[in-house]
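Per chain, numbering begins at 1; letters A, B, ... match sequence-line order. Keep in mind that the numbers below use all heavy atoms, side chains included, and drop hydrogens, waters and symmetry copies.
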Protein chains: 2
Amino acid sequence: MTQKKANARPALAQGDSTEAKLLDAGMALFGELGFKATTTRMIADRAGANIGSIAYYFGNKRGLYLAIAEHIGQHLKEKLGIAQLFAEAPPADELSPVLALELLNQLANKMIDLFACDREAEKWLMVIMREQVNPTEAFEHLYKNAFLQVHSTLSFLISRLMKRSAEEDEVLMETHFLVGRIVFLLVGKTPLLRRLGQTGGYSEETVVLAKGVMARHLRQLVN
Amino acid sequence: MTQKKANARPALAQGDSTEAKLLDAGMALFGELGFKATTTRMIADRAGANIGSIAYYFGNKRGLYLAIAEHIGQHLKEKLGIAQLFAEAPPADELSPVLALELLNQLANKMIDLFACDREAEKWLMVIMREQVNPTEAFEHLYKNAFLQVHSTLSFLISRLMKRSAEEDEVLMETHFLVGRIVFLLVGKTPLLRRLGQTGGYSEETVVLAKGVMARHLRQLVN
DNA sequence: TATCATTAATCAATTGATTAAATTCTGGTT
DNA sequence: AACCAGAATTTAATCAATTGATTAATGATA
């Protein structure tokens, strides 16, 4: 029996506590290697902690994974600032196509920066993506708190742009295609860098190019 | 020492031989679960073969994986019929934008069918994608014989469409965005089906919709 | 002192690999 | 056809290494 703390974890493990270091290490490793290929020893080593501490704080390996999934939704929303986006915008029913395009461009650019450049976010973005491809226990949470948040925000803006209803399949498909283009900057990073003759990571010019091409695509949604 | 056959395998293991069944089973499992999460016992069970036969035919688990990677390039080229595409087309330097658009639409539609509907191809498509995300020994082969084949064919057609050089970064980015949209039909299948309120797989109408939206996007490349 | 936290050691289960024996297949000879 | 020797293939059992989990002892903290 583990009498330990089990539940009732302090709101959001902060700083350099063992618990926080395990979450960070796990996020990086699960994102890079996936759940099965990541061993508890790797996590403990990377966190500079003992293997036993995983059980102490999270029950077991899967418990740590689920705890990580719960954090990711917050990370994503903070990074993209979806909340602020609407705070400054007018009420939904009087959002002009012009302003919708402007907001859509802002959000797309933020997403491109995140998926293409943010070396730290890269890790947990991959956790989200892996979970969409091979859903496990954590899928529901990540879908609802991460994927759907972004997807529905985008489809709302696109619906205003196209002067359609946000529930139409065509709007959803456009949204999915939009997300696919950006996601593939991360998922297909290795082959694209090859194609571009670059090494290491995307150059500043490449990111600008991606945003430019994306902006043109978005503009053409209005017609 | 294993004096067995080692190299010199009969061109392409056919039919219901143990070797072919191991390749099939491995393709499905590696594609679904990834290399690490797939055990040799799973493969043997699914193939209705003995665990030892993996070593007998392929040396070890990794050998089977690499053998599978070598088959995938052929599968892909057959399914997309890239060879035929150009057999019927005029020489490269006199390919009009109109015809390029037509060929591009054909290829894109074939890819959509493959990524969205082909339950059998789904497995080894995922092997290709996994390898682009987390390159291993098999990356070089799959990139050169699968990914690059498709990517360079698409970028050539797009370059004709945009009246640009096929080496320009903007053409490569358009190509990558095109591939990303289609790949995400597979990678993001679970969340998109949710969004569309469908279960199981894409409906016929959804596939038609995807092709229609894609066709509009391609048309807009001409401007 | 009593709770919280960390550590090292150990356990059972799983995994990829190996082996030797058993079985099937093949070509050549009578 | 019948037979057989040798190769090819399949099988069951076993091995060492790795893995997630557990435990009891120790250290730190309030």
Side-chain angles (χ1 to χ4, degrees), chain A residues 1-27 29-30 32-69 136-138, chain B residues 1-27 29-30 32-69 136-138:
Chain A
M1 268 296 122
T2 58
Q3 80 293 1
K4 300 143 190 184
K5 56 198 303 195
N7 322 19
R9 205 173 308 120
L12 231 162
Q14 287 296 347
D16 54 356
S17 70
T18 297
E19 188 179 6
K21 284 190 288 185
L22 286 174
L23 286 169
D24 277 347
M27 214 174 295
L29 287 166
F30 285 136
E32 189 179 333
L33 308 171
F35 182 79
K36 184 69 188 299
T38 300
T39 71
T40 53
R41 279 162 237 268
M42 288 183 203
I43 299 170
D45 284 353
R46 180 157 182 155
N50 188 277
I51 318 175
S53 50
I54 293 174
Y56 181 74
Y57 285 106
F58 306 100
N60 55 28
K61 182 185 175 185
R62 178 151 295 274
L64 171 58
Y65 182 73
L66 293 175
I68 287 171
T136 72
E137 264 182 279
Chain B
M1 266 299 121
T2 59
Q3 79 294 2
K4 299 141 191 186
K5 53 196 304 194
N7 323 20
R9 205 174 305 119
L12 232 163
Q14 287 295 348
D16 54 355
S17 71
T18 298
E19 188 178 7
K21 283 191 288 186
L22 286 174
L23 286 171
D24 277 347
M27 216 174 293
L29 288 165
F30 285 136
E32 189 180 334
L33 308 171
F35 181 79
K36 183 68 188 299
T38 300
T39 71
T40 52
R41 278 162 238 269
M42 287 183 205
I43 299 171
D45 284 352
R46 179 157 183 155
N50 187 277
I51 318 174
S53 51
I54 294 174
Y56 181 74
Y57 286 105
F58 306 100
N60 53 29
K61 182 184 175 185
R62 179 152 294 275
L64 170 59
Y65 181 72
L66 294 175
I68 286 171
T136 72
E137 265 183 277

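- In this structure, CD on B:Glu137 lies 5.0 Å from CZ on B:Arg62, to the nearest 0.5 angstrom.
- Between the CG atom of A:Leu22 and the P atom of D:dG20 there is a distance of 14 Å, given to the nearest Å.
- Within the structure, every side-chain polar atom (N or O) of B:Asn60 is placed at least 4.0 Å from both OP1 and OP2 of C:dG16.
- At whole-Å resolution of the value, CG in B:Asn50 and C1' in D:dT10 are 6 Å apart.
- Taking CD1 of A:Ile51 as the reference point, atom CG of A:Leu22 lies at 11.5 Å (rounded to 0.5 Å).
- Going from atom CD1 of B:Ile51 over to atom P of C:dA20 covers 18 Å, rounded to whole Å.
- In this structure the side chain of A:Thr38 never reaches within 4.5 angstrom of the side chain of A:Tyr65, judged on heavy atoms.
- In this structure, A:Thr18 does not reach the C:dA5 phosphate: none of its side-chain N or O atoms is under 4.0 Å from OP1 or OP2.
- Rounded to an integer number of Å, the gap from A:Lys61 NZ to C:dT14 P is 14 Å.
- Taking CG of B:Leu64 as the reference point, atom CD1 of B:Ile68 lies at 4.0 Å (rounded to 0.5 Å).
- The CE atom of A:Met42 sits 8 Å away from the P atom of D:dG20 (whole-angstrom rounding).
- Phosphate contact (OP1/OP2 of D:dT10, side-chain N/O of B:Tyr57, threshold under 4.0 Å): present.
- Remark: P of D:dT10 and OH of B:Tyr56 are 7 Å apart, rounded to the nearest angstrom.
- Take the nearest nucleotide of DNA chain C for A:Ala49 and for A:Arg41: the residue whose nucleotide is more 5' is A:Ala49.
- The NZ atom of B:Lys36 sits 12 Å away from the C1' atom of D:dA17 (whole-angstrom rounding).
- For the OP1/OP2 pair of C:dA5 and a distance below 4.0 Å, the side-chain nitrogens and oxygens of A:Ser53 include no atom meeting the criterion.
- Heavy-atom nearest nucleotides on DNA chain D were determined for A:Thr39 and for A:Gly59, and the one closer to the 5' end corresponds to A:Thr39.
- The nearest whole Å value for the distance from the CD1 atom in B:Ile54 to the C1' atom in D:dT10 is 13 Å.
- Under a cutoff of 6.0 Å and an axis angle of 45°, A:Lys61 and A:Phe35 form a cation-pi pair.
- Between A:Thr40 and D:dT19 there is no side-chain polar atom (N or O) within less than 4.0 angstrom of OP1 or OP2.
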